[in-house]
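When a ligand or atom number is given, it counts from 1 through the structure's own listing order.
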Amino acid sequence: MDIKKNVSGYRLGVKKPQGGRGVENAPEFSGWVEQVRNLNTAYTLETGKTKKIKMDIFGCQMNERDSETIAGMLTDMGFEEVSKDKPADIIIFVTCCVRENAEERIYGHIGALSGECEENGAFIVSCGCMMQQPHVVEKIKKSYHNVKIVFGTHNIHTFPELLYRYLTKKKRIFEVWEKEDKVVEELPIKRTEKHKAWVNIILGCNNFCSYCIVPYVRGRERSRNMNDILAEIEALAKDGCKEITLLGQNVNSYGNDLGEKDLFAKLLYAIEDIEGIERVRFMTSHPKDLSDELINAMKNCKKVCNHLHLPFQSGSTRILEKMNRRYTKEKYLSLVSKIKEAVPNIALTTDIIVGFPGETEEDFEDTLDVVKKVGFDAAYMFIYSPRKGTPAAKLEQDIPSEVISTRFRKLLELQTEIATELAKKTEGKTLEVLVDGPSKQNPEILSGRTRENRLVNFKADNVNKGDIVNVEIIRAGAFWLEGRGGNKLG
Ligand code: SF4
């Protein structure tokens with residue numbers, strides 16, 4: 001990968017030109033940041049106030065991570081971030097289009113803010129995957145007049161420029177790049193947490209599962225340069241970060257687009273040497289790319305947590321083929337056996353779709369069979385909903401909704417039973433927990449995650465957010481564990 005230094009100090013990891021915007025067209029990011037900051041300074045001198053922003057984030061960890069970049073840019077531009085319940089001058093929506101109900105919720109939230117916008121002269125900025133769809137942008141243009149700036153997943157780094165243009169000209173801006181030919185490095189970032197962090201390693205997806213909109217809205221796979229990733233993790237470690245989660249739609253194919261084989265496994269080994277990092281997680285893994293080298297790396301790297309999120313989606317090979325998943329039920333089960341053999345105390349979690357068009361009772365029985373055979377600690381289960389623009393959306397839904405609901409209930413019951421049984425095995429054990437701080441439900445107690453990614457609520461003295469402690473598990477349910485004590489380990 002050819003790395004060039006941009007005049008304004010931001011670095012573009014430029015991949016081979018693929019017909020999109022190249023480095024020549026890159027805007028001078030820090031120049032735009034400074035221009036907006038000057039506007040904010042002038043406002044503060046005149047009024048004694050600071051312009052406020054708030055963010056509403058939907059969707060997956062990739063969106064959470066993008067939001068940290070947007071928050072970093074806004075901080076550098078001189079804005080103050082406030083919580084969602086406070087009035088703000090600019091409201092940012094980081095949107096998600098993976099499920100239809102998320103889209104509907106977002107329209108609802110944007111519409112509900114029209115009063116706040118009119119009263120305070122506030123305006124809305126909308127970005128994220130949903131904005132990559134032309135029909136969405138058209139709808140916003142026509143029906144949501146308080147949305148003044150729209151940009152997409154490929155041009156987040158142009159936000160300061162768009163904001164400056166809107167603030168000075170007051171004309172609505174809709175700028176969504178269709179192409180994704182570069183990885184922009186060293187954008188500002190405002191991390192949500194200090195003790196744990198998300199680190200992008202690969203953007204986009206090449207897999208085109210027939211039901212999924214992601215490749216259309218996040219583009220093709222673009223791996224970050226390994227040195228850039230390691231430098232980011234080293235900086236995080238120096239700043240007190242103990243746990244990192246490597247992110248990508250399919251982390252297992254990290255490096256394929258750079259012409260390197262098994263680069264993800266090599267990355268895991270390289271992170272082992274970074275002092276201060278105690279835990280490494282990653283998501284999401286596509287079963288077809290889970291190599292023996294990666295399984296070995298999980299076995300050999302002490303910092304890699306014994307947890308793997310491995311979506312199987314359907315237990316039926318026939319349905320998997322219709323989903324374009326490129327593995328069979330047998331292949332999935334043999335991967336699970338391999339990983340269990342290599343990492344005996346591994347916790348497995350998964351995603352499952354119920355009611356994909358054409359799913360018969362027999363196909364569904366295969367799904368139940370996989371759930372029984374694997375024994376997942378947790379599963380994210382969804383009823384199939386078609387996404388406009390995907391091949392599966394053209395398939396006729398031939399399963400009555402009552403049948404789908406019955407299947408879903410059956411699956412949920414089975415999975416909850418299995419998860420409870422597995423969780424019960426932790427009772428009486430002492431587990432290592434990274435403390436996230438007071439529990440959201442009850443601030444009197446602490447909460448954190450085990451290496452298996454189980455949520456633990458516990459009582460302890462002299463324990464703080466970011467500590468790694470030993471906790472004795474006294475009670476366990478399918479979704480959380482209850483513990484006591486907290487001997488500090490780090
Ligand atoms: S691997 Fe499949 S489900 Fe996952 S993001 Fe890519 S296309 Fe979507």
Side-chain angles (χ1 to χ4, degrees), residues 58-66 94-103 128-133 152-154 180 183 198 200-224 245-257 263-264 281-291 294 308-329 331-332 335 348-357 359 367 370 376 378-395:
F58 296 80
C60 65
Q61 287 81 0
M62 304 292 280
N63 265 10
E64 297 275 352
R65 174 60 191 80
D66 284 352
V94 185
T95 64
C96 167
C97 64
V98 171
R99 283 173 218 296
E100 198 174 8
N101 59 2
E103 273 194 28
C129 347
M130 197 173 144
M131 300 304 122
Q132 288 295 138
Q133 303 173 100
T153 55
H154 306 316
E180 71 300 331
V183 179
W198 289 300
N200 278 333
I201 64 164
I202 180 168
L203 310 173
C205 182
N206 288 359
N207 288 316
F208 291 93
C209 301
S210 66
Y211 53 83
C212 181
I213 193 82
V214 167
Y216 307 92
V217 294
R218 289 258 174 198
R220 295 303 86 72
E221 286 173 359
R222 287 144 287 145
S223 298
R224 287 180 69 199
T245 303
L246 305 171
L247 283 184
Q249 304 296 345
N250 178 17
V251 287
N252 297 0
S253 60
Y254 170 66
N256 289 354
D257 58 317
L263 201 59
F264 184 50
R281 300 186 185 280
F282 53 85
M283 68 185 312
T284 293
S285 287
H286 195 301
K288 79 173 169 53
D289 298 311
L290 188 75
S291 65
L294 177 54
L308 178 66
H309 185 71
L310 194 64
F312 82 91
Q313 309 297 10
S314 168
S316 154
T317 298
R318 202 180 68 82
I319 295 294
L320 286 170
E321 206 173 306
K322 289 176 97 181
M323 288 176 164
N324 193 30
R325 291 289 289 175
R326 287 173 275 170
Y327 53 86
T328 60
K329 175 186 178 186
K331 170 80 185 161
Y332 186 89
L335 274 175
L348 291 163
T349 56
T350 196
D351 297 337
I352 309 169
I353 296 173
V354 179
F356 190 80
E359 182 189 74
T367 295
V370 171
F376 294 103
Y380 300 89
M381 294 162 276
F382 306 96
I383 287 180
Y384 170 74
S385 83
R387 302 309 296 124
K388 202 173 168 178
T390 60
K394 296 193 189 104
L395 300 173

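Note on Cys212: counted as a metal contact of atom 8 (Fe) of ligand 1, an N/O/S atom lying under 2.8 Å. Taking 2.8 Å as the threshold, Cys209 does not count as a candidate ligand of atom 6 (Fe) of ligand 1, since none of its N, O or S atoms lies below it.
Ser210 is not listed as a side-chain neighbour of Thr390, based on a closest heavy-atom distance of 4.5 Å or more.
Separation of the Phe312 and Tyr327 ring centroids does not fall under the 6.0 Å cut-off.
Donor-acceptor pairing under 3.5 Å is lacking for the side chains of Thr284 and His309. Checked by atom type, the side-chain pair Tyr211/Gln313 shows a donor-acceptor distance below 3.5 Å. Between the side chains of Ser253 and Glu221, at least one donor-acceptor pair of N or O atoms lies under 3.5 Å.
Summary of contacts: the protein heavy atom closest to atom 6 (Fe) of ligand 1 is Cys205 SG, 2.2 Å. Of the protein's heavy atoms, Asn207 ND2, 3.4 Å lies nearest to atom 1 (S) of ligand 1. Given atom 4 (Fe) of ligand 1, the protein heavy atom at minimum distance is Gln249 O, 4.4 Å.
For Glu103 and Arg387, the salt-bridge test passes: some basic side-chain N is under 4.0 Å from an acidic carboxylate O. Using a 4.0 Å cut-off between charged nitrogen and carboxylate oxygen, Arg326 and Asp289 do not count as a salt-bridge pair.
At a 4.0 Å cut-off, at least one heavy atom of Arg325 sits close enough to ligand 1 to count as contact.
At a 4.0 Å heavy-atom cut-off, ligand 1 touches Pro215 through the side chain alone. Neither the backbone nor the side chain of Asn250 comes within 4.0 Å of ligand 1, counting heavy atoms alone.
Each of Lys288, Gln249, Arg325 was evaluated against Asn207; a single residue qualifies, Lys288, per the side-chain hydrogen bond (donor to acceptor under 3.5 Å, both in side chains) test.
Comparing heavy-atom distances from atom 3 (S) of ligand 1 across Tyr216, Phe208, Tyr211 singles out Tyr211 as nearest.
Of all atoms in ligand 1, numbered sequentially from 1 with element shown, those under 4.0 Å from a heavy atom of His286 are 1 (S). Of all the atoms in ligand 1, the ones that sit under 4.0 Å from a non-hydrogen atom of Val214 are 5 (S).
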